[in-house]
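Working notes, structure below.
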Amino acid sequence: MELVAAKTILQRNKSLGWFGCEYNMNIYRGCCHGCLYCDSRSDCYHLEDFDRVRAKKDALRILRDDLARKAVKGVVATGAMSDPYNPFEAQHLLTRNALSLLDAYGFGVAIATKSALVCRDADILRDIAVHSPVLCKITLTTVDDALAAKVEPGAPSPTRRLAACEELANQGVFCGFLLMPVLPFIEDDEAAVLALVRRAAAAGARFIYPSFGVTMRAGQREYFLQGLDAAFPGEGYGQRYRSHFGNRYFCASPNARQLWQAFSQACAETGLLHEMLDIVRAYRQGRQTGQLSFL
């Protein structure tokens, strides 16, 4: 695996709105899940050859130094740009060792991933939770394994992700799902969304945070639309998106209002949190590292 130079690993977030995280951390660059919709392909991020995973050179030493310099503890988010549990992580253990550093320096963590490999590190997550908040967010856009294989061809199946949530929940890790994106015309079916809510609740999830639509912008738009035509030949999804959304950045499902009503009712019935503030309060309860002024 190629190494790329880095000056810093830990960045301070400008606001605490996204799951109440004070810092952001990316050990890897790029991702091999091949998700058609991934916003990280956008030109604005300047990540060339995004499908090739690279690790930041001397990442653990840099992270240790970054943590030692921080006067204010906080929750460190990871997985915003590149999945921290790509297949190379099984061998290189960079994410696992980074979690150990967060534990040693008294920081919390909020992980975003599609991989069941996160379960390997449940022991460290439990150790962190003794002193700081821990949150695990598993992306799940459908519970249909065959459909997921078309839009997320290199990612673990939804069945494996649901099993990962169940395993983490059984070990006391605060875990739930990111229901995003929900692809218009493909995944925005009420019955499918309600099935996902039921499966998530059965897996022990504490929350589902949704977005009933998808983003498209320069550098990612054409990859996504061409990928749809290749994955669903004869369906005409690419042209349908172009006609319906044009160059719009956020492309909301035409069914978004109906889906939200059905989804929120199902979450209430199953006890799943689905509002950002409620999720943040729940996972940080009793472990307030830093200031949550937005609460």
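Contact check on K57 versus E2 returns no salt bridge, with no Lys/Arg side-chain nitrogen under 4.0 Å from an Asp/Glu carboxylate oxygen. By the 4.0 Å N-to-carboxylate-O rule, D65 lies close enough to R61 to be salt-bridged with it. Residues D58 and R64 are not paired through a salt bridge, judged by the lack of any N-O separation under 4.0 Å between the basic side chain and the carboxylate. In summary, R126 and D123 do not engage in a salt bridge, as defined by a charged side-chain N under 4.0 Å from a carboxylate O. With respect to the salt-bridge test (charged N to carboxylate O, under 4.0 angstrom), the residues D39 and R217 qualify. Ion pairing between a basic and an acidic side chain is recognised when a charged N comes within 4.0 Å of a carboxylate O; R284 and E22 show such pairing.
A cation-pi arrangement is not found for K137 relative to Y209, the charged atom failing to lie both closer than 6.0 Å to the ring centre and inside a 45° cone about the ring normal. Both the sub-6.0 Å distance and the 45° axial angle are satisfied by R240 relative to the ring of F185.
For Y45 and F50, the gap between ring centers reaches or exceeds 6.0 Å.
Checked by atom type, the side-chain pair H92/N97 shows no donor-acceptor distance below 3.5 Å. Between the side chains of Q261 and Q265, not a single donor N or O lies within less than 3.5 Å of an accepting N or O. Between the side chains of D66 and Y23, no donor-acceptor pair is found at a separation under 3.5 Å.
R257 is not listed as a side-chain neighbour of F212, based on a closest heavy-atom distance of 4.5 Å or more. Here the side chains of F107 and S132 are not in contact, with every heavy-atom distance at 4.5 Å or above. Contact check for C136 versus V118: side-chain heavy atoms found under the 4.5 Å cut-off. Y28 has its side chain within reach of E89: a pair of non-hydrogen atoms, C-beta onward, lies under 4.5 Å apart. No side-chain heavy atom of L272 sits under 4.5 Å from any side-chain heavy atom of F207. Side-chain contact check for F19 versus I279: some heavy-atom pair is nearer than 4.5 Å. The shortest distance between side-chain heavy atoms of V75 and Y283 falls below 4.5 Å.
For the pair N13 (side chain) and C21 (backbone), a donor-acceptor distance under 3.5 Å is present. Counting only distance, with no hydrogens or angles, the side chain of R161 and the backbone of T139 share a donor-acceptor pair below 3.5 Å.
With sequence neighbours excluded, no residue forms a side-chain hydrogen bond (donor to acceptor under 3.5 Å, both in side chains) with E275.
Hydrophobic clustering (ILVMFWY, side-chain heavy atoms < 4.5 Å, transitive): Y85 and L168 are in one cluster. Both L101 and V134 belong to a common hydrophobic cluster when Ile, Leu, Val, Met, Phe, Trp and Tyr are linked at side-chain heavy-atom distances under 4.5 angstrom.
Considering every non-hydrogen atom in both A231 and L36, the closest pair reads CB-CD1, 4.2 Å.
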